[in-house]
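These numbers come from a predicted model, not from an experiment. Proteins get letters first, then strands, A, B, ... in listed order; numbering begins at 1 in each.
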There are 2 protein chains.
Amino acid sequence: MSQRKYAIIGTGAIGGYYGARLQQAGFDVHFLVKSDYPLVKNQGLKIDSCDGDFTLPTVNAYDDPSLIPPCDVVVVALKATQNQILPNILPSILKKDGTVLLLQNGLGAEEKIASIIPNSIIGGLCFICSNKVGPGHIRHLDYGSIKMAQYCPNSGSAGITNELKAISLDFQQAGLEVNLSQDLLLTRWEKLAWNIPFNGLSALLEATTAEIMENPETRSLAEALAKEVVEGAKASDRALSQEFISNLMARTAKMKPYHTSMKLDRDQKRPLEVEAIFGNPLRVAKEKGIALPRIETLYQQLKFIDTKNR
Amino acid sequence: MSQRKYAIIGTGAIGGYYGARLQQAGFDVHFLVKSDYPLVKNQGLKIDSCDGDFTLPTVNAYDDPSLIPPCDVVVVALKATQNQILPNILPSILKKDGTVLLLQNGLGAEEKIASIIPNSIIGGLCFICSNKVGPGHIRHLDYGSIKMAQYCPNSGSAGITNELKAISLDFQQAGLEVNLSQDLLLTRWEKLAWNIPFNGLSALLEATTAEIMENPETRSLAEALAKEVVEGAKASDRALSQEFISNLMARTAKMKPYHTSMKLDRDQKRPLEVEAIFGNPLRVAKEKGIALPRIETLYQQLKFIDTKNR
């Protein structure tokens with residue numbers, strides 16, 4: 001067992017699940033908890049998982065980030081819409097040679113974190129169906145793997161670094177599947193090829209992934225949106241294959257009916273991650289003169305929903 | 001006063017209003033009434049109008065189209081989704097030299113009517129805000145003009161015909177503003193430049209025209225959709241100007257907040273006119289190799305809503 005100390009910033013569907021898995025495996029984990037703090041402090045975390053339910057009756061829970069001890073790995077599992085709190089949090093929680101592991105969808109957040117702290121940053125894309133169903137109560141429905149890659153400024157590829165190997169080993173020791181990528185930006189665009197059609201349409205149409213796939217019109221639209229993501233990736237000099245998109249569609253067709261995080265955010269009148277998942281990729285593409293009309297249409301519709309929903 | 005006898009097929013927001021205006025002016029009008037028949041037969045029609053309220057205590061109401069006497073002008077004011085009843089109705093109601101006046105949005109309905117009867121067909125595009133608010137009860141909120149043009153097979157321009165002049169004079173005698181167009185297909189594409197963005201977005205986002213115009217993202221999307229209609233019109237060899245689109249946006253910004261007919265159809269779980277307003281223009285454009293990605297996106301989203309809404 002490594003001596004690495006973990007902080008989990010954002011104890012929701014993602015941070016709550018992965019943090020609980022790390023603690024379950026014996027790691028020293030410290031959770032920043034917002035609204036659920038009193039309950040989590042007293043009763044810990046409850047995880048209903050397709051791999052077996054478990055409870056952690058006692059966790060290190062904090063509502064004040066300044067009380068969290070300096071950690072080797074700070075896992076940022078906030079909604080992208082909450083990243084504005086990071087400048088006040090990261091410098092005090094992160095050890096001098098510590099690493100940030102950012103578990104978030106979308107584009108552009110590593111650049112902002114790199115402007116706050118000089119430390120190593122790893123991006124993690126979670127392939128998981130999980131929801132927070134109540135205070136300190138996470139339901140893990142399906143999947144669970146993370147694809148991790150080292151962040152490299154200037155859109156380069158950083159390869160497989162030592163801290164990437166070390167942190168992925170910790171997650172594997174916690175029973176989690178981790179895949180390593182040499183190229184964070186490619187991995188982010190690949191994930192967008194799912195998030196843009198399925199988070200977007202499920203939030204807009206208030207539908208599950210299964211409903212989107214069963215209707216021939218929205219299935220065709222989802223694929224057209226994914227293909228526009230392939231065009232967008234060219235703005236970052238990244239190539240996604242047609243085969244990648246076909247596999248993505250086939251895998252989604254086989255998924256259990258799923259309410260995406262953006263759909264749940266709409267249901268619960270929380271801010272939608274529209275800028276991270278749609279706005280930033282659109283801006284990157286636009287800078288290179290690449291038009292993504294379907295994605296832009298969905299972005300504009302979701303901006304309307306997001307404004308009206310507050 | 002002309003001797004022309006009028007039949008109104010579909011006594012809703014459009015047919016109820018214009019038919020009542022014709023009867024109010026002394027014309028012999030016969031109304032086909034579906035679900036509201038008992039009430040309309042007994043109590044007539046009630047019109048709340050921004051130009052002054054009025055009531056017609058007695059109207060010629062029919063629930064059986066075979067009882068309607070042969071008419072000089074058959075005004076088809078059904079939803080486009082109900083046009084399948086026309087083959088059973090038109091031949092018996094229409095005098096041998098009678099004319100069909102089709103008050104419907106979208107593309108493609110005249111061709112279908114021409115396949116049922118050999119008579120003259122006039123298309124009318126209504127610029128009116130009116131809703132049916134109860135059985136036999138129409139609320140006319142704003143505007144009210146009709147742009148009429150003679151249908152001509154093979155996408156030609158028929159010019160201003162005698163029957164077009166005669167029928168428009170009847171409507172003008174009823175106090176209605178009528179504008180004549182030499183070119184029905186151009187007029188239909190011009191109307192689509194409003195219906196596609198505003199009916200579509202208002203139904204999808206459950207919003208009024210004012211909400212769409214007030215949000216910068218949806219106002220920009222509405223204009224982008226209208227500009228795609230300009231591209232689509234080229235498939236019919238029709239040219240809409242940039243100035244036309246600017247005026248359309250400026251006029252819509254000044255309109256009172258309005259729930260479009262498609263928004264109300266969604267609210268009331270009625271079939272949406274998606275094929276007439278979106279599907280047919282998209283097919284016409286596709287045949288000429290013209291891609292309309294934003295309109296197609298909205299079409300696919302509305303098809304999903306329409307299917308789920310039944």
Colleague: If the contact rule is any heavy atom under 4.5 Å from chain A, which residues of residues 285-310 of chain B qualify, in numerical order?
Modeller: B:Pro293, B:Arg294, B:Glu296, B:Thr297, B:Leu298, B:Tyr299, B:Gln300, B:Gln301, B:Lys303, B:Phe304, B:Ile305, B:Thr307, B:Lys308
Colleague: Between A:Ala207 and chain B, which part of the residue has a heavy atom less than 4.5 Å away: side chain, backbone, both or neither?
Modeller: both
Colleague: Would you mind telling me which of B:Leu221, B:Asn215, B:Leu225 has the largest number of heavy-atom pairs within less than 4.5 Å of chain A?
Modeller: B:Leu221
Colleague: Side chains of B:His137 and B:Asp48: do they bring a donor and an acceptor to under 3.5 Å?
Modeller: yes
Colleague: Between A:Lys132 and A:Tyr17, is NZ or CZ placed under 6.0 angstrom from the six-membered ring centre and within 45° of the ring axis?
Modeller: no
Colleague: Between A:Lys147 and A:Glu190, does any side-chain N to carboxylate O distance fall below 4.0 Å?
Modeller: yes
Colleague: Is it true that a side-chain atom of B:Asp183 and a backbone atom of B:Leu185 form a donor plus acceptor pair closer than 3.5 Å?
Modeller: yes
Colleague: Testing B:Asn195, B:Leu192, B:Ile196, B:Ile14 for side-chain contact (heavy atoms from CB on, under 4.5 Å) with B:Asn105, which one passes?
Modeller: B:Asn195
Colleague: Answer yes when A:Glu206 and A:Arg266 have at least one side-chain N-carboxylate O distance shorter than 4.0 Å, and no when they do not.
Modeller: yes
Colleague: Quick one: do the A:His140 and A:Ser49 side chains pair a donor with an acceptor below 3.5 Å?
Modeller: yes
